[in-house]
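In what follows, chains are A, B, ... by sequence order, proteins preceding strands, each numbered from 1.
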Amino acid sequence: MKSLDGKVKKEKENGFASPPHMKSEPEDDFYHSPRQEKTLKRERDNDDDFDFKPKKIKTENDKKPKKRKPDEDVKPNKKTKTKKVADGKKRIKNEPEEKWKWWEEERYTDGVKWRFLEHKGPVFAPPYEPLPSHVKFYYDGKVMKLSPEAEEVATFFAKMLDHEYTTKDIFRKNFFKDWRKEMTSEEKAKLTDLKKCNFGEMAEYFKAQSEARKSKTKEEKLKIKEENERILQQYGFCIMDNHRERIANFRIEPPGLFRGRGDHPKMGMLKRRIRPQDIIINCSKDSKYPEPPPGTKWKEVRHDNKVTWLVSWTENIQGSIKYIMLNPSSRIKGEKDWQKYETARRLKKCVDRIRNQYREDWKSKEMRIRQRAVALYFIDKLALRAGNEKEEGETADTVGCCSVRVEHIKLYPENEGQEFVVEFDFLGKDSIRYYNKVPVEKRVFKNLQLFMENKEPDDDLFDRLNTSILNKHLQELMDGLTAKVFRTYNASITLQQQLKELTNGDDNIPAKILSYNRANRAVAILCNHQRAPPKTFEKSMQNLQTKIDAKRDQLSDAKRELKSSKADAKVRRDEKSKKTVETKKKAVQRIEEQLMKLEVQATDREENKQIALGTSKLNYLDPRISVAWCKKFGIPVEKIYNKTQREKFAWAIDMAEKDFEF
DNA sequence: TCCATCACTTAGAAGGATCACC
DNA sequence: GGTGATCCTTCTAAGTGATGGA
């Protein structure tokens, strides 16, 4: 099977224009003036302290039109203005259309995700290329020629030889078992012990290949780049309704060895190659369907416009479905994202009521209600994930709030001068450790003691609760409320409040950005977004310190020079020496600035050693807060969001003014 | 009500691209 | 221009939560 048949097919017009949407403007918008909060962990907001600001009606002269709300539940939209979506006939294709402001248009309701969808299908992994004959595999010290099927799987292992994975028993066991399935019966009979396999030459070969790729000439690299660009243009976009939209992952995952996170029982298993007959295509009936590679067929072509995916297949490790979907910059993802933050803002309006309610529920006669209330308190206070049940033995043993077990918490009536301390220690999503010691309210503490009575360490702490019960309850408290909304809400409100607290209007830009990063960091800590410290961390820190020291020396030199030039000018009293003083002054200033920049950088980096800022920035922080902050303090938005992020948050950059309140 | 399935969001690692410095 | 550090993009695993059928 050819992965990408070399020829570029001329793109054909589809000649279809989906029905134009009528654009409408909502009549109003809510703004909220939140209380400032002092600490990282959130306290109460007042329920009723938001005010109402009427929406402007867009006119031709308005520079910034007020946009509609993404969240239909908030209030009905009144159509104040309609705009026809251009009927996308000939102009849609290849040239990048001018930036489309989908957020100014009306959304679909009733679960329809699109009216027209056309795409080219996925790009398959390149077929296996057998190793050159000089690259040998050895078994028990002797050369052995492998069948292509067995050889391919062997190369997967060889490519990972440097990785810790290949030293793990489970990984090796799973790999060997799956590898044997690909062997001929002769190979199977002969290769019985993984320890006797020598993949060294293969590994060397791949390393050399990778080196060769790096040391290619400029021209060669450019050629590769152009080819990638060509594939991107051909397969990396679809037409959804009237717009050419970028696809996120148009390449099918290549075969390889499964790399689970943490202690995953399936690590090392063979992830099989996906073929056209595994693929389900989703597109509209009246579109030009993607062609399967010559001589092959798709599993199915369907036309389901209640879903957003273009391509799907079932993966063989967990049996789960994988999808090809659109890029975060697309309308379909952006609308959802915007809506997510609007839901979180609605929570802000009623979070006080909800908090009062769960505090009451701590006293309930019913165990299930107490458990629900304590769990919700943790989700709110500590930004824990919901914690769905998982199938035992199928995945790594990780938990979230509802699935926390007795063994994951310790209770201290008194600890380090604080009363009622709970110590959490468990593995969360991606097997990232959650460790936290927090003082809680007495009632919570007493409840926890009660929940733990007569239980074994591996019993569920909340045995009368699961995520579905919890979410059902939340749904009753607020339309659209689920456990994860609390994470979004608490992350965003924390950012907003930390920015208020930390930003000093008189600071220069690097110092303000340090403040921003610190606010961002507070959120990342709250959400427990961690990263492995970069391998080069210590060294790069040292380098930076060396630079700082050098800069300090430079500064004292410059100061000395300034001093002597001043003395000189005093004696000479001529223009030339006055000028010299000025020049020296400027030099000192410049060096001071440079020094400060370096010091700020060092602080930022040190504080960021094990913390990942990206996840919260991308998924939890209402981008309008950051945009408003940039506008308020004259920071170019490019300093906060890179190009990709600006594309994802185009809606927020366009609509948020400096007075935006989450 | 329970469970499986499906769709979609959220997550950190890896590797490539770009930048800063000498 | 070379090199190492840093930034950005890609990759795909691992969550959440809705839904529908038994």
The single option from A:Phe424, A:Tyr434, A:Tyr358, A:Phe486 that satisfies ring pair (Phe, Tyr, Trp, His ring centres under 6.0 Å) with A:Phe378 is A:Phe424
query = Between A:Phe258 and A:His264, does a ring-ring contact (aromatic ring centres under 6.0 Å, His included) hold up when you go through it step by step?
reply = CA-CA 10 Å; A:Phe258 177 72; A:His264 201 296; 4.9 Å; yes
Rounded to whole Å, CG of A:Asn619 lies from C1' of C:dG15 at a distance of 12 Å
Looking only at B:dA14, B:dA11, B:dG16, the nucleotide nearest the A:His163 side chain is B:dA14
Contacts of A:Glu315 and A:Ala483 projected onto DNA chain C by closest heavy atom; the upstream (5') one is A:Glu315
- Task: With heavy atoms under 4.0 Å as the rule, sort A:Ile432 into base, sugar-phosphate or nothing.
- Result: sugar-phosphate
Atom CG of A:Leu310 and atom P of B:dA7 are separated, to the nearest Å, by 13 Å
inquiry  = Need one value for A:Gly428: base, sugar-phosphate or nothing, where a base atom within 4.0 Å counts as base even if backbone is also close, heavy atoms only.
reply    = sugar-phosphate
Side-chain contact check for A:Arg251: nearest option of C:dC11, C:dA14, C:dT16 is C:dC11
Exercise for review: Establish, with yes or no, whether the OP1 or OP2 oxygen of C:dT12 is under 4.0 angstrom from a side-chain nitrogen or oxygen of A:Lys322.
Suggested key: no
With the side chain defined as heavy atoms from C-beta on, A:Arg246 is closest, among C:dA18, C:dT10, B:dA11, to C:dT10
Quiz prompt | Under-4.0 Å side-chain N/O to phosphate OP1/OP2 contact, A:Thr482 with C:dG17 | solution = yes
Would one find a side-chain N or O of A:Arg261 under 4.0 angstrom from OP1 or OP2 of C:dC11? no
When rounded to whole Å, the CG to P distance for the pair A:Leu257 and C:dA13 reads 12 Å
| So does A:Lys484 get a side-chain nitrogen or oxygen closer than 4.0 Å to the phosphate oxygens (OP1/OP2) of B:dT9? | no
query = Looking at A:Asn388, does any N or O in its side chain come under 4.0 Å of the phosphate oxygens OP1/OP2 on C:dG15?
reply = no
Which of B:dC8, C:dA13, B:dT18 is nearest the side chain of A:Lys225? It is B:dT18
Which of B:dC8, C:dA13, C:dA18 is nearest the side chain of A:Glu253? It is C:dA13
Picking from C:dG17, C:dT12, C:dA18, the nucleotide nearest the side-chain atoms of A:Pro254 would be C:dT12
From CG of A:Asp397 across to P of C:dA14 the rounded distance in Å is 13 Å
Here the distance between atom P of C:dT10 and atom CZ of A:Arg259, to the nearest Å, is 18 Å
Does OP1 or OP2 of B:dC8 have a side-chain N or O of A:Thr308 closer than 4.0 Å? yes
Check your understanding: Can you find a donor-acceptor pair, distance only, under 3.5 Å between A:Lys429 side chain and B:dT10 base?
Key -> yes
DNA chain B nearest-nucleotide lookup for A:Cys527 and A:Asn466: closer to the 5′ end is A:Asn466
By nearest-heavy-atom nucleotide on DNA chain B, the more 5' of A:Ser210 and A:Lys113 is A:Lys113
Between NZ of A:Lys340 and P of C:dT16 the distance, given in whole Å, is 15 Å
| request: Please confirm whether A:Tyr641 and A:Phe649 have ring centers closer than 6.0 angstrom. | output: yes
message = Counting only side-chain nitrogens and oxygens, does A:Arg385 get under 4.0 Å of the OP1 or OP2 atom of B:dA11?
response = yes
Q.
Suppose we call two aromatic rings close when their centres sit under 6.0 Å apart. Are A:Phe250 and A:Tyr235 close by that rule?
A. no
Against the side chain of A:Tyr620, the closest entry in B:dT10, B:dA7, B:dG12 is B:dT10
Tell me whether the OP1 or OP2 atom of B:dC8 has a side-chain N or O from A:Lys336 closer than 4.0 Å. no
* Test log, rule side chain to side chain donor-acceptor pair (under 3.5 Å), inputs A:Gln496 and A:Asp622 -> CA-CA 9 Å; A:Gln496 177 165 286; A:Asp622 187 330; over 6 Å; no
From CG of A:Asn528 across to C1' of C:dA14 the rounded distance in Å is 15 Å
From CZ of A:Phe206 across to C1' of B:dG15 the rounded distance in Å is 17 Å
Would you find a donor on one side and an acceptor on the other, under 3.5 Å apart, between the side chain of A:Lys271 and the backbone of A:Pro255?
no
The residue among A:Tyr205, A:Phe157, A:Phe156, A:Phe206 that forms ring pair (Phe, Tyr, Trp, His ring centres under 6.0 Å) with A:Phe199 is A:Phe157
